[in-house]
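Below is one structure, written out as structure tokens; the observations come after it.
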Amino acid sequence: MRTIAAVEVDAGTKTFASGLLPDLIAALRRSRKGDLVAVTSRDPGIGPALEAWCRLTRNSLVDVAVEEGRTRWVLRYGEVPEDVAEDRPVGSRLWLYTNFDCNLSCEYCCVRSSPKAPRRALGIDRVRRIAIEARDLGVSEIFVTGGEPFMLPDLGEILVACAAAAPTTVLTNGMLFAGSRLSTLLALPRERVTLQISLDSPTPERHDSQRGKGTWARAWNGILRARAEGFRVRLAATVSTDAEAEEFRGFLDAHEVSEENRVIRRIVLRGSATQGIALARADLVPEVTITAEGVFWHPVGAEDNDLLVSGEIFPLAESFAAVRRAFDREHDHQRRLARIFNCA
Ligand code: SF4
């Protein structure tokens, strides 16, 4: 899907040696920090120079696509607009994408999950080995996500294996707590497993428009049921604006949801989303994320090549080391750039 940009620059035949730079500067002058600016050219050769210019000017190149023989680069103007980087040691958190299929197909899903998405299951055997090695590595939190994890018939075994290694949170849309899936839920250890259930708005309209008709009511029922069964439930909203975030905070206050049981985050321009915050790898402090395809930098782009660190999961110690090495290398590069461009 085409990334929507605030400003479009048709570079024509221009390069950095022949007039492209003034066009870029003019485009940024028409933009606000955080806006996306697209540059289109028939000459793919301007890509490396554009990439270098983005690094030096601290803008982020967030997307490249070829459309009808022309290359379109999308860059985000300015530094990261949100406090996306948290001060947490690399390797303290571990994310597992257990599957990519889902009962929903939300319009902003960062990994394009849907009922038609291939499952791409991590599988209980790999999860057991990951959990054992993660415990030895001192992982302090495990997050199990997808897709919708409750689609899996062996989710109970997966969560028990993870919970034996570290406190575990399973991210779910909360809509499948019935029949054998309810039995799976009820058998989970309450003291080691937290449910993080998505609810995007205080009332059904916005949530249903993004996730499907009737989904708000079913998610809310899931939240109430899980709480009634004695689980810690964290409510997670995905919003587009500060006003939506504020409105949701009011809703959480009214329902006496404590701070540690709230997650409010912005839509990210990845996966199925066509609008949202554009995040490049350099914007994200890594949180090791494992899928059936390998080891990724962060859960927000768990099928995007720019965030793939390694195709090999095991040994887990080497995966963690690879992420740390890449983080150190890239941060060192940024620091050196900052030194080179000290102006006074
Ligand atoms: S956002 Fe969550 S519930 Fe929606 S399609 Fe993606 S995985 Fe499924």
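Read the numbers this way: they start at 1 and go in the same order the structure lists the ligands and their atoms. Starting from 1, each residue takes its place in the sequence as its number.
Residue contact annotation: C109 places an N/O/S atom under 2.8 Å from atom 6 (Fe) of ligand 1. Residue contacts to atom 8 (Fe) of ligand 1: C106 brings no N, O or S atom closer than 2.8 Å.
If you look at R211 next to ligand 1, the close heavy atoms, those under 4.0 Å, all belong to the side chain.
Distance remark: protein heavy atom present below 4.0 angstrom from atom 7 (S) of ligand 1.
The ligand atoms of ligand 1 that sit less than 4.0 angstrom from a heavy atom of L104 are 5 (S). Atoms of ligand 1 lying under 4.0 Å from any heavy atom of G147, numbered from 1 in the order shown and given with element: 7 (S).
Proximity of a side-chain donor or acceptor of W216 to a complementary backbone N or O of S201 within less than 3.5 Å is detected.
Counting heavy-atom neighbours within 6.0 Å of E8 CD, excluding the residue itself, gives a total above 12.
Transitive grouping of hydrophobic side chains (ILVMFWY, heavy atoms separated by less than 4.5 Å) keeps V263 and L284 in distinct clusters.
The pair R30-D35 does not meet the salt-bridge criterion, since no charged nitrogen lies less than 4.0 angstrom from a carboxylate oxygen.
Counting heavy atoms from C-beta on, the side chains of L50 and L24 come closer than 4.5 Å.
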